[in-house]
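All remarks here apply to the structure that follows.
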Amino acid sequence: MKIGIFGGGQLGRMMALASYPFNLRFSFYDAAKDCPSAPLGQLFGDTQASVESLDAFIASADVFTYEFENIPVAWVERIAAQKPVYPSVKSLAVSQNRLNEKALFKQLAIPAAAYREVNSPDDLIQTVQELGLPLVIKTTMGGYDGKGQFVLRDSKDVAQAWAELERGAPLIAEAFVTFERELSIIAVRSQTGEVRCYPLALNTHHQGILSHSIVPAPQISAATKAQAEQYITQILNELDHVGVLTLELFDTAQGLYANETAPRVHNSGHWSIEGAVCSQFENHMRAVAGLPLGVTEAIRPSAMINIIGQHPNTADILAIPETHLHLYGKSERSGRKLGHITITASTYQALQERIAQVAAHLPNKMAL
Ligand code: AMP
């Protein structure tokens, strides 16, 4: 079976690497000829994003999926009219728009920050009066790694917030959530509706970019785990989602708050390649191909550390026991995700010691 993957970044590359052993083969749609997935399959796409290039891609595979959500819904609809696409157009349309996501949380009674749609500076002033300060202002579409965001702490900065983000309008203004830590849960749903959840990840960000994750997140009560699993299962079922979905959460004194969803494998799930019985990448491809799901349990405590901007010395990292290096074949650039390192250990304390060893060899230590 040939799977067409929309997007040829590192996520597509890891999906292909995980499912090559059970004889799936791949084509990718990405205009960049040197994208991380290029060595692993046939590459389609042009810089004009022409319909002809999309149709050639559609002709190249049996079943389709995507590795990022910032693609036009109309394109996925065009694929869906001819061949199966997982996750569904509905999953994509909800996850790529923050207003749709928040409406879904509300519909499913999943707690989330109070919010308003903002179409003008006047709307923003009105929202400050209704929700108070600080507010987190975000573009409704297209933002990632903290881009397209402004934390409004003083109403005299309304004009500045609007000027910085207006090109991404409509905007969403969210009440600031005071959280103790950031968590995420990843789950996979099969074509028959079976849902399996990975353990919660504890995520640390630096300058808006994920720095590292620890999984299973330490000190999670059974109630919190059950709550997170219930929320993501509700979302998966409501969307009739097939494949992996990620739910980012704020852990607060009042319980879990949903932040956002991603209809795909996620950076906070990269640990699962070595740390789980079946990785998020393999499980996504199993679901897309209509195969049985794999076990989502963690084998041991794991850490995933992102390599951002500059490469470490490969031999230095590989010399550290129980440590795995994944490089995406990208050139160095400030703020760019170039790879990640997974560490597994028998205890959390041993994991922390290994993290410190890895950190000593990273040119860009971020928040480690
Ligand atoms: P996002 O792109 O929505 O994941 O936001 C990026 C980061 O900004 C999150 O990981 C949080 O650290 C922070 N953030 C986003 N929304 C809020 C909010 N409503 N309250 C507090 N912090 C937020």
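Along the sequence shown, the residues carry numbers beginning at 1. Only heavy atoms go into these numbers, but all of them, side chains included; no hydrogens, no water, no symmetry mates. Atoms within each ligand, like the ligands themselves, are counted from 1 in listed order. Only a predicted model underlies this, so the values are computations on that prediction, with no experimental measurement involved.
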Task: Parallel, tilted or perpendicular: ring planes of Phe179 versus Phe250, cut at 30 and 60 degrees - done: parallel

Open item on the list: Within ligand 1, which atoms have a heavy atom of Glu248 less than 4.0 Å away?
Closed with: 4 (O)

Open item on the list: Please compare Lys138, Glu101, Arg98 and report which has the shortest non-hydrogen distance to atom 15 (C) of ligand 1.
Closed with: Lys138

Open item on the list: Out of all atoms in ligand 1, which are within 4.0 Å of some heavy atom of Phe179? Include the element for each.
Closed with: 12 (O), 21 (C), 22 (N)

Task: Enumerated ligand 1 atoms positioned under 4.0 Å from heavy atoms of Asn259 - done: 1 (P), 3 (O), 4 (O)

Task: Test item: Ser302 side-chain N/O and Arg300 main-chain N/O as donor-acceptor pair under 3.5 Å - done: yes

Open item on the list: Measuring from non-hydrogen atoms of Gly148 to any atom of ligand 1, is the shortest distance under 4.0 Å?
Closed with: no

Task: Under-4.0 Å heavy-atom contact with ligand 1, by part of Asn203 that carries it - done: neither

Open item on the list: Checking the side chain of Asn119 only, and the main-chain atoms of Asp123 only, is there a donor and an acceptor separated by less than 3.5 Å?
Closed with: no

TODO: Just let me know how Val177 lines up against ligand 1, side chain, backbone, both or neither, with a heavy-atom cut-off below 4.0 Å.
DONE: both

Task: Partner of Phe64 by ring-ring contact (aromatic ring centres under 6.0 Å, His included), out of Phe6, Phe57, Phe28, Trp75 - done: Phe57

- [ ] Report, in ascending order of atom number, the atoms of ligand 1 lying under 4.0 Å from any heavy atom of Glu182.
- [x] 9 (C), 10 (O), 11 (C), 12 (O)

TODO: Would you check whether Val136 has a nitrogen or oxygen atom less than 3.5 angstrom from a nitrogen or oxygen atom of ligand 1?
DONE: no

- [ ] Please determine, by modelled atom types, if His340 and Tyr328 share a side-chain donor-acceptor pair under 3.5 angstrom.
- [x] yes

Task: Salt bridge flag under 4.0 Å for residues Glu238 and Lys90 - done: yes

Open item on the list: Contact between Met304 and Ser268 at the side-chain level, heavy atoms closer than 4.5 Å - yes or no?
Closed with: no

